[in-house]
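Working notes for the structure below.
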Amino acid sequence: MCGIIGYVGTERALPVVADGLHRLEYRGYDSAGIALCADSLSIYKSTGVVDDLTLPESSAATCAVGHTRWSTHGKPTDANAHPHTDCHGEIAVVHNGIIDNYESLKAELADHAFTSETDTEVVPHLIEEAWNGGDLTAAVESVVDRLDGSFAICVTAEGCDEIVAARRDSPLVVGHGETGSFVASDVPAFIEHTRRVSYLENGDVATLTPDDVAVTNGGDPVDRPVETVTWDAEAAEKGGYDHYMLKEIHEQPQALRQTLSGRLDAVNGEADLDLDLPEEYVRPLEEIQIVAAGTSYHAGMYARRLLEEYADVRVSVEIASEYEVTGGRDPERTLAVAVTQSGETADTLDAMRKASRAGARTLAVTNTVGSTAAREANHTVYIRAGPEIGVAATKTFAAQVVTLGLLTVELGRERRALSTAMASDLLERLRDVPGAIQQTLDREAAVREAAETYADADAFFFIGRRFGYPVALEGALKLKEISYEHAEGFAGGELKHGPLALVTEETPVLAVLTRGGEPSDLLNNVKEVESRGAPVVGCSSLPSASKYLDVELEVEALGVFEPLVANVYLQLFAYHVARLRGRSIDRPRNLAKSVTVK
Ligand code: F6R
């Protein structure tokens, strides 16, 4: 996720775009840049936040585009920062999203001079081919037809007092102001200048001039209604949600589409994470050691079962701070996988370094391009969830599991452990995760009601089996960290070995009753707690469970990924309980987003 803004009007564009970028930094902050467009184009870009840009004191330009980046292709460097330009520096492009076919497009542009490692840079070069100084909109229309993947782009060019914007699966909103026209990935970028907005739809191409915005779709003119937003700038930054955490929970379908984008071929049963792990290493691989902390550890637990079941490799998952390299293992045939959204967790880095010193290859699974984990690991795969601001990890957990699901298919195929049919089946289910999560989110009112019923309980228990077990642990972690109430997750089968003594009429039990979570066996555990009077909230795809549940939250059919979908109900439950208790949801007490001390 990146932030983009464009302005063309009667005011000086530099302060408008620079202020807008500050307001978009929550969408990305590893590098930034601005193109000022007057008779000639001037580009200012660098790594770091918007304040790190060296900008001119003033500029007479009244047209500009800007970008604040969260890297997905290419490290955060000055060269990779946006805007990107064509060979002559006449066309500037900023982009949010992923262009899946950039490598093949780049191969067709062999006589063009590329200066970055980004997928975006193909766009200005393609426009250069299509544009002859004439109709910029027509040139952009012809280029976007050739792009696969998701994108929101803004283009401006030397001598043109206009911006052409196009979107597919990445948001873009237009602002209709008194002093000109605005376009941005989100309303806060220009809310100080206008509240009159129209939302572009997939396939739209908009041409912004100082006093008009013309939109086409498939070459035909279309009208996008103008709405007036009533939020203030802070609420707008949270997309109208009261907390970043809730916004990030709701962002999961979009985030996961990014995670999956261009990485799977369900028809042929192939996944490709661009890992460059040699086949002669993968085939005889003996063991995978996953090291992680907190929520990432729970994602690692989920992955362990996926990898053991479908890639036929022995997997251990270790709490990073407890990790030790013990004897009897063959480091040469071991892959240590560090799962860490920040890429900066000291315990996880420490464990990864220990594994590396012992001779194991290392793989970082992270959300943060250029992070220490990404720099130090032998291999890196990005989960592409976009920045997460709420301290409680939500969308990054889902993106970690989905990425590790893709890794499972890639390794399973290479190790000849997974048939094409089985791989296709898993990939189809992964592809359906975003839609199933959307359906879950659409039932938020039922979760809020359950939270209202049980918010005053003294303790909450979460139970699950197999893939549902890490989700039970994650549900409990989420609730305890943001509500400050006692919450514990258990493997369903363990209840009778001790924890059942804690269960009373006052302790709600949340159960992950889905495929992939041994629902029939877990139902026996539900009966154990129900017969002791405990209220049960079931995230369920098991119709026969209904009569034992006080609240039933339906989970779509999705095989081993059903618990991942059920987890979204648990995130919402934690959120609403914490909210009813008036907690500081985005910044819970004593916790930090990135834990860089041991
Ligand atoms: C919980 C949470 C933490 C992190 C943990 C590891 O909501 O966010 O438990 O999961 O601190 O952080 P990363 O993934 O950055 O290594």
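Both counts, for ligands and for their atoms, begin at 1 and track the order of listing. Starting from 1, each residue takes its place in the sequence as its number.
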What is the nearest protein non-hydrogen atom to atom 2 (C) of ligand 1, stated with its residue, atom name and distance? T295 OG1, 3.7 Å
Under a plain distance cut-off of 3.5 Å, with no hydrogens placed, do Q289 and Y323 share a side-chain donor-acceptor pair? yes
In terms of atom number and element, which parts of ligand 1 are under 4.0 angstrom from non-hydrogen atoms of A393? 7 (O), 8 (O)
In this structure, are over 12 heavy atoms from other groups packed under 6.0 Å from E506 atom CD? no
Distance under 4.0 Å to a non-hydrogen atom of E481: what atoms of ligand 1 satisfy this? 1 (C), 7 (O)
Of all the atoms in ligand 1, which lie at a distance below 4.0 Å from a heavy atom belonging to K478? 1 (C), 7 (O)
Does either side chain, that of T394 or that of E248, offer a donor lying less than 3.5 Å from an acceptor on the other one? no
Is Q341 close to ligand 1, meaning an N/O of one under 3.5 Å from an N/O of the other? yes
Nearest protein heavy-atom contact for atom 14 (O) of ligand 1: which residue, which atom, what distance? S296 OG, 2.5 Å
Spacing of CG belonging to L570 relative to CG belonging to L477, to within rounding of 0.5 Å: 11.5 Å
Run through E286, E308, E287 and flag the one making a side-chain hydrogen bond (donor to acceptor under 3.5 Å, both in side chains) with R314. E287
Can E25 and T68 be counted as having a side-chain donor-acceptor contact under 3.5 angstrom? no
Option with minimal heavy-atom separation from atom 6 (C) of ligand 1, where the choices are A292, S371, A293: A293
Which pairs count as ring-ring contact (aromatic ring centres under 6.0 Å, His included) when at least one residue sits in residues 377-403, sequence neighbours excluded? none
of all protein heavy atoms, closest to atom 12 (O) of ligand 1 is T345 OG1, 3.4 Å
Could you work out, with side chain to side chain donor-acceptor pair (under 3.5 Å) as the rule, every residue matching E556, not counting sequence neighbours? R443
Counting from 1 in the order shown, the ligand 1 atoms closer than 4.0 Å to a non-hydrogen atom of A392 are 7 (O)
What one should report as the nearest heavy-atom pair of E552 and S540 is OE2-OG, 4.1 Å
Distance filter under 4.0 Å to V391 heavy atoms, resulting ligand 1 atoms: 8 (O)
Atoms in ligand 1 flagged as close to T340, the criterion being non-hydrogen separation under 4.0 Å: 13 (P), 14 (O), 15 (O), 16 (O)
Nearest to atom 11 (O) of ligand 1, what protein heavy atom do you find, and at what distance? V595 CG2, 4.1 Å
Among all protein heavy atoms, pick out the one at the shortest distance from atom 15 (O) of ligand 1; state its residue, atom name and that distance to 0.1 Å. S342 OG, 2.6 Å
